[in-house]
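Each chain gets a letter, A, B and so on, in the order its sequence line appears, and its residues count up from 1.
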Amino acid sequence: MADKGQIVQRVKGVKDILPVDSPVWQWVEDTARETFEGFSYSEIRIPVFERTDVFSRAIGETSDIVEKEMYTFTDRGGESLTLRPEGTASVVRAYVENKLYNPPGAKKLYYMGPMFRAERPQAGRYRQFHQLGAELFGPENPSADAETIHLLMSIFKNLHLEDLTLRINSLGCPQCRPAFRQKLAEYLDSRREALCDNCQRRIDKNPLRVLDCKAHGCGVIADEAPSVTESLCGECSAHFDRTRTLLAAVGVDGKVDPKLVRGLDYYSRTAFEVSSTALGAQDAVAGGGRYNSLVEQFGGPPTPAIGFAIGLERLISLLGNDGAPLGPELFFIALCPEAEEKVFQLAGALREEGYMVDMSYGGGLKSQLKQADRASAELAVIIGEEEMARSVALVKEMKSGEQFTVAFDELIKWLDKHLLGEE
RNA sequence: GUGAGCGUAGCUCAGUCGGUAGAGCACUGGAUUGUGGUUCCAGUGGUCGCGGGUUCAAGCCCCGUCGCUCACCCCA
């Protein structure tokens, strides 16, 4: 089968997260978890694959994701399964299936993990990428919308990301959206010739998408198009205003953008997106919105919900890589077999004490010290024949070059004092 | 799915008109038989992505192919 000795390459569009990069990932994940906890969220771990219809039902049969970007396969039982292209559909499925709507009230869930979309890779776009998302089920009040957006912005703030743009919009509800859609379609039809080919097709299929088309001509037409904001019904309008008032109260300023339209079919009312000019063409770091009918679509009781997802690769590319991996506190060097046994014993004891300990696996003193240096160790602990004979270790401070002779029995106490300043 | 650019040492890259495969960093050894990180000296390291073609001769030109990157599309 496999060609012996041939290098196997990773699948197109996937990435290895290497040791140099993992500290940043861990920091982001830890910071996000802390922030979620501060907002009383609990983690939910959803499967990486689902029955295909979980996604086609939630995201919309005609969306690009479902039509051409899903990794779908048939399992041994002949069932169609799909690697999750996003998290919301699975969380909703799990919410309904596990009856998390009982006891009644708000349910706050977050998740993080890999997602899969068979797109052509590009800067900020991969076939396996990672999302970190949150879903709030239950409340319909604008306070839920504002809190969710505040949570999202708090995560960025805690990661010290400042230069981000938050745009918000209201897409209306089943009561007022059809009228707007109609009005927009009529306007666009009157300007049909000036639109790009793609948008001409969208006039009937999904006229809202024309609003965020990047083609220059379409942008001009979109600017003059009837605005969603003016077409909102009284309730939607009040909901949107209240959301913005509450956001202002926590110091979050989002730019109202009537042209913001989200790609997934399930959104209603509040929609938002966070982007960065530092990202290139794929400039959205996070996006989300309200989806009030999805739980019902999945067979649950009518339950309004709102959520967002953050793209981790994009977010991390904004952070830069100033996360130098931490070296061990101690690096043991043995110069003879007897010393090696002693090193095993001492290193074991110190690891139990909680010290970060590494050791060499052989070589001369010179080469082993070089290894300690390369590992960025703080202290090198050298034990050879001379030291064995005297029952002492030679402890070298790598940065200064200063050396100390410490009796084996005294080593832990000496280190506590030297490294931690404890008596 | 469409388009463009790029594939040379572990890494970053140079390679003129088609004429012997290069540099810096890294790595190994020595100066120093038990002392790293600085310095000096020496050395190892190549399927020039892969396959074909043109040519006396191809890293360089031509065709194909694979990969990477960026953009369109779409989205996080």
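One finds a salt bridge joining D223(A) and K259(A) here, because a Lys/Arg side-chain nitrogen approaches an Asp/Glu carboxylate oxygen to under 4.0 Å. Taking a cutoff of 4.0 Å between a charged side-chain nitrogen and a carboxylate oxygen, K399(A) and E378(A) do not qualify as a salt bridge. Under a 4.0 Å N-O distance rule, the pair E50(A)/R57(A) does not qualify as a salt bridge. The pair R117(A)-E86(A) does not meet the salt-bridge criterion, since no charged nitrogen lies less than 4.0 angstrom from a carboxylate oxygen.
Within 4.0 Å (heavy atoms only), E397(A) reaches no atom of the nucleic acid at all. If you check every strand for non-hydrogen atoms under 4.0 Å, E386(A) touches a base. Among the heavy atoms of the strands, none lies under 4.0 Å from A372(A). Using a 4.0 Å heavy-atom cutoff across all strands shown, L394(A) reaches at least one base atom of the nucleic acid. Base contact: K399(A) has a heavy atom under 4.0 Å from a base atom. Contact annotation for L132(A): no contact, since no heavy-atom pair falls under 4.0 Å across all strands. Counting any heavy atom pair closer than 4.0 Å across all strands shown, K370(A) reaches sugar-phosphate atoms only and no base atom. Residue-level contact check: G401(A) touches the bases, meaning some heavy atom is under 4.0 Å from a base atom. Counting non-hydrogen atoms under 4.0 angstrom, G133(A) reaches nothing in the nucleic acid. Residue contacts shown for E313(A) are absent, as no nucleic acid heavy atom lies under 4.0 Å away.
Distance from the side chain of R125(A) is smallest to rC74(B) among rG34(B), rA71(B), rC74(B). When the nucleotides rA76(B), rC68(B), rU69(B) are ranked by their closest atom to the side chain of K12(A), rC68(B) comes out on top. Nearest nucleotide to the side chain of R314(A), out of rA76(B), rC74(B), rG36(B): rA76(B).
Side-chain atoms of R374(A) and base atoms of rC27(B) include no donor and acceptor less than 3.5 Å apart. For rC74(B), its base never sits under 3.5 Å from the side chain of E69(A) at any donor and acceptor pair. For a distance-only test at 3.5 Å, the side chain of D373(A) fails to qualify as a donor-acceptor partner of the base of rG37(B). The base of rC73(B) does not come close enough to the side chain of R120(A) for any donor and acceptor atom to sit less than 3.5 Å apart. Judged by distance alone, with hydrogens and angles left aside, R117(A) brings a side-chain donor or acceptor within reach of the base of rA76(B), the pair sitting under 3.5 Å. For rU69(B), the base has no donor-acceptor partner in the side chain of Q122(A) [N/O atoms by modelled type, under 3.5 angstrom]. No donor-acceptor contact under 3.5 Å links the side chain of K366(A) to the base of rU35(B).
Across the interface with RNA chain B, nearest-nucleotide mapping of G13(A) and E119(A) shows G13(A) to be the residue nearer the 5′ end. Projected onto RNA chain B by closest heavy-atom contact, V11(A) and R127(A) fall at different nucleotides, the more 5' of which corresponds to V11(A).
We find that CG of L260(A) is positioned 11 Å from P of rA76(B), with the value rounded to whole Å. A straight line from CD of Q371(A) to C1' of rG37(B) spans 14 Å, rounded to a whole angstrom. Rounded to a whole Å, the OH atom of Y126(A) is 16 Å from the C1' atom of rG67(B). Look at CZ on R10(A): it is 15 Å from C1' on rC66(B), rounded to the nearest Å. Across the protein-nucleic acid pair, K68(A) atom NZ and rC73(B) atom P stand 11 Å apart, rounded to whole Å. Between K15(A) atom NZ and rC68(B) atom C1' the separation is 10 Å, expressed in whole Å. We find that CD1 of I382(A) is positioned 12 Å from P of rG34(B), with the value rounded to whole Å. L152(A) has its CG atom 12 Å from the P atom of rA76(B), to the nearest Å.
Rounded to a whole angstrom, the distance from the C1' atom of rC13(B) to that of rA76(B) is 34 Å. Spacing of C1' atoms, rU32(B) relative to rG37(B), comes out at 15 Å, to the nearest Å. For the P atom pair drawn from rC70(B) and rC63(B), the interatomic distance equals 26 Å after rounding to whole Å. rG29(B) and rG45(B) are spaced 14 Å apart, taking the C1' atom of each and rounding to whole Å. Of the C1' atoms belonging to rG49(B) and rU44(B), the separation is 24 Å, rounded to the nearest Å. Taking atom P in both rG46(B) and rG10(B), the straight-line distance is 7 Å, to the nearest Å.
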- Item | F49(A) and Y71(A): CA distance, side-chain angles, deciding distance, side chain to side chain contact (heavy atoms under 4.5 Å, CB included) verdict | CA-CA 10 Å; F49(A) 59 116; Y71(A) 279 105; over 6 Å; no
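Atom CG of residue L159(A) and atom CD1 of residue I310(A) lie 8.0 Å apart, to the nearest 0.5 angstrom.
Consecutive pairing runs in RNA chain B reach the stem threshold at B:1-7 with B:66-72, B:10-13 with B:22-25, B:27-31 with B:39-43, B:49-53 with B:61-65, where a stem means at least three Watson-Crick or G-U wobble pairs with distances under 3.5 Å.
Checking side-chain atoms of N98(A) against main-chain N and O of A94(A) turns up a donor-acceptor pair under 3.5 Å.
Ring geometry, Y41(A) versus F36(A): the interplanar angle falls from 30° to 60°, so the pair is classed tilted. Taking the six-membered ring for Trp and thresholds of 30 and 60 degrees, F137(A) and Y95(A) have nearly parallel ring planes, at less than 30 degrees apart.
Between T74(A) and E79(A), the side chains place no donor N or O within less than 3.5 Å of an acceptor N or O (distance only, hydrogens not considered).
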